[in-house]
Amino acid sequence: MNIDPKILSKIKKCLALSTSDNPNEAATALRQAHALMAAHGVSTEQITMADIGEASAKSRTMARSKPAHWEGALASTVGRAFGCQLMMLRAPIRPGSKAPLNDGSFIFVGIKAQAQIASYTFDVLSRKCKKARADWIKDKLTGLSRVPGGKRTSTGLGDEFAMGWVANIARVVQDFAQPAPIENAIAQFIAERATSKSDDELTRKPKTEDERIRSIARRSGMLAAEGESIHRPVHGASHQLMLP
């Protein structure tokens, strides 16, 4: 968008004043806002789009161009908590190489301040979950990696533990419902953003959970996540996130 920041600021101030309890002040402010918009060719959609932005957070589990299932689930949970849509940015393959780079980021798209908080929240929680997973494997599965197929089994059980950890947080999270104009603006931002071949919307494939031992691992993760939560600023009064 090529909107003069000063003009945009004036329009936003007038629109804010148009909600005044004083009828005369509100009407005057609204007329001024419409006059400025008409004079500079600014639409309501453009004003909404100006508040939309993105924030990224590095994946800690990227392998073969895919994050671990638990990390994707955590990113999705955090995004929903702050009214953000989620995208995945994968590192491009080096020229002359067929192997993908184990590097990528989650992109949170939404109201700029909320996207920044979502990115920070995910970074903190993913670090905590990865550490809890590693500690659980070390404590409960010591020696398993030395038997045939043991390393793969311990990795799978560690992932179940992490999914339980994430599930315990997800069950107390309420989706942040954005007004329709904001949702439309976010969708438009993503449509314009996702023109690079390296950008893809995050997709997750569900797993079957019919083995008792995997259920135990997941339950252990849920217990380990007790006390972890996501806190949203109340009425936008504060952008400081409080995490245990």
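Just so you know, these numbers use all the heavy atoms, side chains as well, and skip hydrogens, waters and symmetry mates. These figures come from a predicted structure and were not determined experimentally.
Counted by atom type alone, T61 and E71 present one or more donor-acceptor pairs between their side chains at under 3.5 Å.
I47 and L17 fall into different hydrophobic clusters, defined by Ile, Leu, Val, Met, Phe, Trp and Tyr side-chain heavy atoms under 4.5 Å apart, directly or through other members.
For S18 (side chain) and L15 (main-chain N/O), a donor-acceptor pair under 3.5 Å exists by modelled atom type.
R127 is linked by a salt bridge (charged side-chain N to carboxylate O under 4.0 Å, His left out) to D123, counting only residues two or more places apart in sequence or in another chain. The salt bridge (charged side-chain N to carboxylate O under 4.0 Å, His left out) search around K140 returns none, not counting sequence neighbours. For Q116, the side chain to side chain donor-acceptor pair (under 3.5 Å) criterion is met by no residue, not counting sequence neighbours. Remark: S119 engages A55, A57, F108 in a side-chain contact (heavy atoms from CB on, under 4.5 Å) (not counting sequence neighbours). Residues meeting the side chain to side chain donor-acceptor pair (under 3.5 Å) test with S105, sequence neighbours left out: none. Among residues two or more places apart in sequence or in another chain, the salt bridge (charged side-chain N to carboxylate O under 4.0 Å, His left out) test is passed with K10 by none. Checked against side chain to side chain donor-acceptor pair (under 3.5 Å), K12 has the following partners two or more places apart in sequence or in another chain: D51. Judged as a salt bridge (charged side-chain N to carboxylate O under 4.0 Å, His left out), and not counting sequence neighbours, K6 has no contacts. Listed by chain and number, the residues in a side chain to side chain donor-acceptor pair (under 3.5 Å) with D135 are K131 (sequence neighbours excluded).
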Residues 21-28, side-chain donor-acceptor partners within the protein, below 3.5 Å, at least two apart:
{"from": "N22", "atom 1": "OD1", "to": "N24", "atom 2": "N", "distance (Å)": "3.0"}
{"from": "N22", "atom 1": "OD1", "to": "E25", "atom 2": "N", "distance (Å)": "3.2"}
{"from": "E25", "atom 1": "OE1", "to": "S20", "atom 2": "OG", "distance (Å)": "2.6"}
{"from": "T28", "atom 1": "OG1", "to": "N24", "atom 2": "O", "distance (Å)": "2.9"}
{"from": "T28", "atom 1": "OG1", "to": "R31", "atom 2": "NH2", "distance (Å)": "3.4"}

